[in-house]
Amino acid sequence: MPTLEDYRDLVGADTVEELHLLGRRLEGKSVLNVNATAVGGGVAEILSRMVPLLRQLGVDARWEVIKGGEDFHAATKRFHNALHGAAATVTPRDYEVYEVTLQENLAALSLEAGIVFIHDPQPAGLVRERKALGNKWIWRCHIDLSRPDPEVWEFFRAYVKQYDACVFSAPSFARSLEVPQMLIAPSIDPLSDKNRELTPEETGAILERLRIPTDKPIVTQVSRFDRLKDPAGVIEAFRMANASASARLLLVGGPADDDPEGAQVLAEVQERTKGDEDILVLCLPPTSHLEINAIQRASTIILQKSLREGFGLTVTEALWKGKPVIAGAVGGLPLQISHKCSGVLTHSIEGTAYWLRHLLNEPAYAAWLGANGREGVRQHFLLTRQLRDYLLLFAFLESGERDFIHLAGEAVHKGTR
Ligand code: UDP
C-alpha cells in the first residue's frame, strides 16, 4: 500500500499538507465504514483504498461488511434497481427479509465508533441503533436517486432521515431531506494496481496470458454483468459499427458478492455472442486489478453504455489512462464527461454505434478527447480529493457546529441546514 507521501508528485505538496492538517484534527477519532460487499463494484473498490489512507493519517478507521442470505441479496438488488428508477418487482416479503437480516447484523456487529459511515441502501437500516449508541451517523448514497420508485424510497427515507448527514455524488441525486446533505464525488486511486502505470511489456504479457488478440483495435466495456450496464445494447452498437470498421469487442466483468443477477446476465451475454469471433466475453475474479488495468490500457476505445449509473468508476479509470470514452448520458457519467471535450455522451444504440465508427476512424480526435479526460480526472477525481472531502465531513460532524468547521483559526464553509 502506498504512503500519502507517494501521492505528492501527482497531486502536489499543498494537497498532501492539507490532508495532514485535517488528519491531525481527527487523530484518534474512530470511523466505522459499513457496506454490503468486500469485493466487486465501485464501493468496495474505494473503501479498499480509502480505509488504509485514513489510518495512515491517524484516524481509527475500520470497515465491516454486513452478512445476508440469497434472499437478502435478491431483495436488496430489487431495491437497488427500484431506487435507480428502473423497473423492479419489489414484494412485501422483501421488506420483511430486509428487516430481519438487519436485526441479525445488529446483533453480530459492534457499531461502537465516533462516526458510523454507512454506504448505500443495503445497511442503511442499521441506523435504528443510533439513539442507543449516541454516536454520529452518515449515509453515503452511491446511486442515482433522482427518479426513485416512490414506495421503495419512502421505506428507505424513514431510515435516511435518522442520520446526521447524507452524502450524494451529484446535485441531481440529492433528495428533499431534513438532514444536511453533502455532495462528494467518488474517486480512483492512481497508485493502485487498477490504475498505476504499466509498461507496454507488462500490458502485453497480461493480454497474452488472458489470450486476448491484439491484431485489431479493441473496444472494451468493463462492468459487472448487470442489465443496467446494458451489455445487450453494447453488443448491438458494436455490431452496427463493426459492419464498416474492423475491431474487436471485449466485454469484461466479474461477480460481486451482493449482486445475485450476475450469473444469469453473463449466460445471456454468452448466448448472444456465441460464434462471433469479433466479440470476447471475459469473466474475471474480482481481484483482477492488474488485468483490468492492462485491458483498459490496451483498448482503443472504452464504452460505458449504462442505462443507469451512480458514478461509473470504470469511466474514471479509463479517462485516467487517457482513453477516449463513449458513455451513456445518465446518472453520474455526465459529471465526468463533457460531451465532445473529455469524451462522448450518447443516448441510444445508434448514437453509440455512430461515435464508435467516428472515433475508430479519427484517432487524433480520439486521442485529444482522452488527454482532456485524463486532465479532468487529475483535477477532480483522484482519491486525495475525496479523502479531503471525507475528512472535512468528519470534522464538521465532530465539531458540533451547524454551518462551519474551524481549522487552525480559519473557517471552512461546509454546508448549511
Ligand atoms: N470491476 C472489476 N472487475 C470487473 C468489473 C468491474 O474490478 O469484472 C471494477 C471496476 O474496475 C470498477 C468497479 O469494479 O473499479 C466498478 O465500479 P463502477 O462505479 O463502474 O460500477 P458499480 O459496479 O459500482 O455499479
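Each ligand, and each atom within it, is numbered from 1 in the order the structure gives.
Looking only at heavy atoms of the protein, atom 24 (O) of ligand 1 is closest to Gly42 N, 2.7 Å. The protein non-hydrogen atom at the shortest distance from atom 6 (C) of ligand 1 is Val222 CG1, 3.9 Å. The protein heavy-atom contact nearest to atom 23 (O) of ligand 1 is Arg224 NE, 2.7 Å.
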(Q) salt bridge (charged side-chain N to carboxylate O under 4.0 Å, His left out), that's the test. Do Lys323 and Glu317 meet it? Break it down for me. (A) CA-CA 9 Å; Lys323 296 295 162 181; Glu317 291 160 4; over 6 Å; no
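Near Gly253, with a cut-off below 4.0 Å to any heavy atom, the atoms of ligand 1 are 4 (C), 8 (O). Remark: ligand 1 atoms within the under-4.0 Å shell around heavy atoms of Gly254 are 4 (C), 8 (O). Under a 4.0 Å criterion applied to the non-hydrogen atoms of Gly312, ligand 1 contributes the atoms 19 (O), 20 (O). The contact set between ligand 1 and Thr314, taken as ligand atoms under 4.0 Å from a residue heavy atom, comprises 10 (C), 12 (C), 20 (O).
The pair Asp189-Arg196 does not meet the salt-bridge criterion, since no charged nitrogen lies less than 4.0 angstrom from a carboxylate oxygen. Taking a cutoff of 4.0 Å between a charged side-chain nitrogen and a carboxylate oxygen, Arg227 and Glu268 qualify as a salt bridge. The pair Glu236-Arg239 does not meet the salt-bridge criterion, since no charged nitrogen lies less than 4.0 angstrom from a carboxylate oxygen.
For atom 19 (O) of ligand 1, the choice among Thr316, Leu313, Leu333 with the nearest heavy atom turns out to be Leu313. Of all the listed residues (Arg308, His289, Lys194), Lys194 holds the heavy atom that lies closest to atom 1 (N) of ligand 1.
The shortest N or O to N or O distance between Ser223 and ligand 1 is not under 3.5 Å. For Glu317, a nitrogen or oxygen atom sits less than 3.5 Å from a nitrogen or oxygen atom of ligand 1, counting backbone and side chain alike. The shortest N or O to N or O distance between Val43 and ligand 1 is not below 3.5 Å. Taking distance alone, with nitrogen or oxygen atoms compared against 3.5 Å, Gly40 stays at or beyond that limit from ligand 1.
Heavy atoms of Lys229 come nearer than 4.0 angstrom to ligand 1 in at least one pair. Heavy atoms of Ile292 come nearer than 4.0 angstrom to ligand 1 in at least one pair.
The aromatic rings of His358 and Tyr354 sit parallel, their planes meeting at an angle under 30°, below the 60° perpendicular limit. In this structure, Trp355 and Tyr365 have tilted ring planes: the angle between them lies in the 30° to 60° band. In this structure, Phe79 and Phe156 have perpendicular ring planes: the angle between them is above 60°, well past the 30° mark.
Residue Gln379 places its CD atom among more than 12 non-hydrogen atoms of other residues, nucleotides or ligands, all under 6.0 Å distant.
Counting only N and O atoms by type, the side chains of His20 and Glu5 include a donor and acceptor under 3.5 Å apart.
Side-chain atoms of Phe173 and Gln181, non-hydrogen and from C-beta on, never get closer than 4.5 Å to each other.
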